[in-house]
**Q** 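Take a look at this one; I'll ask things after.
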Amino acid sequence: MNRFSLLLQDISSLWAKYGSTYLGGIERTLILALVATAIGCLIGFVCGILQTIPIRENDPAVKKFFLGLIRAIIRIYVEVFRGTPMILQAVFIFYGLPYFSNNALQFKNKWLVSILVVSINTGAYMAESVRGGIISVDPGQTEGAMAIGMNHFQTMTSVILPQAIRNIMPQIGNNYIINLKDTSVMFIIGFSDFFAVHKSVAGATFIYFPSAVIEMAGYLCMTLVASLLLRIVERKMEGSSDYELVQGDQLTMTAGNYNYHKPKDPGSADAIALEREDSLKKGDDRS
Amino acid sequence: MSSAENVSGKGEPIISVRHLSKSFGKHEVLKDIDFNVYKGDVTTIIGASGSGKSTLLRCINLLETPTSGAILYHSENVADKSVDAPQYRSHVGMVFQSFNLFANMNVLDNCMVGQKKVLHRSAEEAQANAMKYLKHVGMDSYIKARPRQLSGGQKQRVAIARALAMDPEILLFDEPTSALDPEMVGEVLTVMDTLAKEGMTMIVVTHEMAFARDISSQVVYMNQGVICEQGSPEEVFGNPQQEATKEFLKRFIRG
């Protein structure tokens, strides 16, 4: 128990001295994750929507070419940014620009480059999620929309996307939580997020473990709150399952089992057809 | 079989299908289909599964692109690439086997969205029109319900109201009762029967033979991608000429 009371002591002394530093780190991490996830979702939606524009066999050649080109570019973007570590992408972009411009151009703003890298990364994942969300909506509804004369854009905005967004809400939440944690790699370019605070505090005080405990608790708090908020949003989007009924449904109650035999006038064409049917039923085939 | 050029005294046909063919890859589903639909006609298309009935209906609504031939809508060939397909479809309603209601909207919005987006009607006008047709199909009590809360028959009636709310000139039904439980078939057929009596022009693909016989003005029997026999219900059901038609009807009625 001795060790635990020592830990508590260390934590409280760290917090007394560096509490506001830790909170500042939390704030920057939250903002970076939120902004980057939002921009990433935007990128993802644009890419996902562009990818699912149908190419029809009787489309003009120019349209086919451009849609094909767009699909190829998005494919490359997704594969490159999904297939390399984010920490490396940060280094690549942060040092790449000055290298190519012979130091004339540099990222002065760590915020800018951090948001850029995390958004592009999130966008690559979201592009696939959005595509999945769109193709998961029953294609019959697309046909239903087409059949009443809606064009592709109207079908998308009124019918498909509202359902696709609902379907990918868990994915958006996933990405936000991943971003909360993974923005910690931005210390590599000197962005002082929550994790970078740990590095500087521990570097100054040589108290590693108690600081790590604060970090663990801090990250867990952020992600738990995010999960909770997400659940609430999802439930809101589900909508109420109640609906008012003005009165009973007359047709369901009266139509009953289908038995389509109207009273016939003997000798009419209908009656002849009926007789024919009856004779067929008995297997009395005149042919 | 009457030829497409036949003038029957009913004026110009609304839809005239001429030498229509459709292939999926090497598989030829429709071969040289010819028939006319005049105003007020109820045309039922019958035939075994896989005979091309649904494909024909989907071609008429341009959900499938015909491989060759023409579909004349008031003498304009809508199978032509330059035709504005959404614009044409807004005049031709379609009711599907699987309802295809919009799951993210309630019953009323399902019937309003097309009117607002495609016909640019005001919300009030769209709502009044939607309510008129929902009442017609007996679903006006359910305007706030979501499609998932309705039974199959109710969904199909809403789908019919959605198509009607666009005030189409002609309504296509693609096996509207095939996905329904037997006790729900009646309510949908009752609605269709009412529409037919009111003079709605309809093309109905169906397996309900008694229904086809009773409401049709024209019956088209399809077999293996061609129109095998065509005529009044009395002719086709009462006195079929083709061997295949006789076989089909016999098999069908024996169940």
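The sequence lines fix the lettering, A, B, ..., with proteins before strands; numbering per chain opens at 1. Keep in mind that this is a model prediction, so the values were computed, not measured.
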**Q** Counting heavy-atom pairs under 4.5 Å to chain A, which of B:Ala85, B:Pro86, B:Pro168 comes out on top?
**A** B:Pro86
**Q** Please classify the contact of B:Asn61 with chain A as side chain, backbone, both or neither, using a heavy-atom distance under 4.5 Å.
**A** side chain
**Q** Within a strict 4.5 Å, meaning less than it, do heavy atoms of the B:Ile46 and B:Phe237 side chains meet?
**A** yes
**Q** So if I take each residue of residues 155-176 of chain A and look for any heavy atom under 4.5 Å from a heavy atom in chain B, which residues do I end up with?
**A** A:Ser158, A:Val159, A:Pro162, A:Gln163
**Q** Taking every heavy-atom pair that is under 4.5 Å apart, which of B:His91, B:Met105, B:Gln115, B:Lys117 has the most such pairs with chain A?
**A** B:Lys117
**Q** May I ask you to test the B:Lys116-B:Gln127 pair for a side-chain heavy-atom distance under 4.5 Å?
**A** no
**Q** Is B:Phe96 close to chain A through its backbone or its side chain, or both, or neither, when contacts mean heavy atoms under 4.5 Å?
**A** side chain
**Q** Can you tell me which portion of B:Leu101 sits under 4.5 Å from chain A's heavy atoms? Options are side chain, backbone, both or neither.
**A** backbone
**Q** When you measure from the centre of the six-membered ring of B:Phe24, is the NZ or CZ of B:Lys22 closer than 6.0 Å and no more than 45° off the axis?
**A** yes
**Q** Quick check on B:Thr65 against chain A: is it the side chain, the backbone, both or neither that has a heavy atom closer than 4.5 Å?
**A** side chain
**Q** Side chains of B:Asn239 and B:Glu234: is there a donor and an acceptor less than 3.5 Å apart?
**A** no
**Q** Return yes if a side-chain donor-acceptor contact under 3.5 Å exists between B:Gln149 and B:Tyr142, otherwise no.
**A** no
**Q** Is it the side chain or the backbone of B:Val95 that comes within 4.5 Å of chain A heavy atoms, both, or neither?
**A** neither
**Q** Check B:Lys246 with B:Glu229, please: is the shortest side-chain N to carboxylate O separation under 4.0 Å?
**A** no
**Q** Going by distance alone, is a donor N or O of one side chain under 3.5 Å from an acceptor N or O of the other, for B:Thr206 and B:Glu208?
**A** no
**Q** Is the number of heavy atoms from other residues, nucleotides or ligands within 6.0 Å of NZ (A:Lys64) greater than 12?
**A** yes
**Q** Going by an N to O cut-off under 4.0 Å, is there a salt bridge joining B:Arg121 and B:Asp167?
**A** yes
**Q** When you measure from the side chain of B:Ser217 to the backbone of B:Val42, do you find a donor-acceptor pair of N or O atoms at a distance under 3.5 Å?
**A** yes
**Q** For chain B, which residues from residues 137-147 of chain A have at least one heavy atom closer than 4.5 Å to it?
**A** A:Asp138, A:Gly140, A:Gln141, A:Glu143, A:Gly144, A:Ala145, A:Met146, A:Ala147
**Q** Go through B:Tyr88, B:Phe99, B:Phe102 and name the one with the most non-hydrogen pairs under 4.5 angstrom from chain A.
**A** B:Phe102
**Q** Measure the acute angle between the ring planes of B:Tyr133 and B:His136, then classify it against the limits of 30° and 60° as parallel, tilted or perpendicular.
**A** perpendicular
**Q** Checking side-chain polar atoms at under 3.5 Å, does B:Gln242 have a donor or acceptor matched by the opposite partner on B:Thr245?
**A** no
**Q** Answer whether the closest heavy-atom distance between the side chains of A:Leu30 and A:Leu34 falls below 4.5 Å.
**A** no
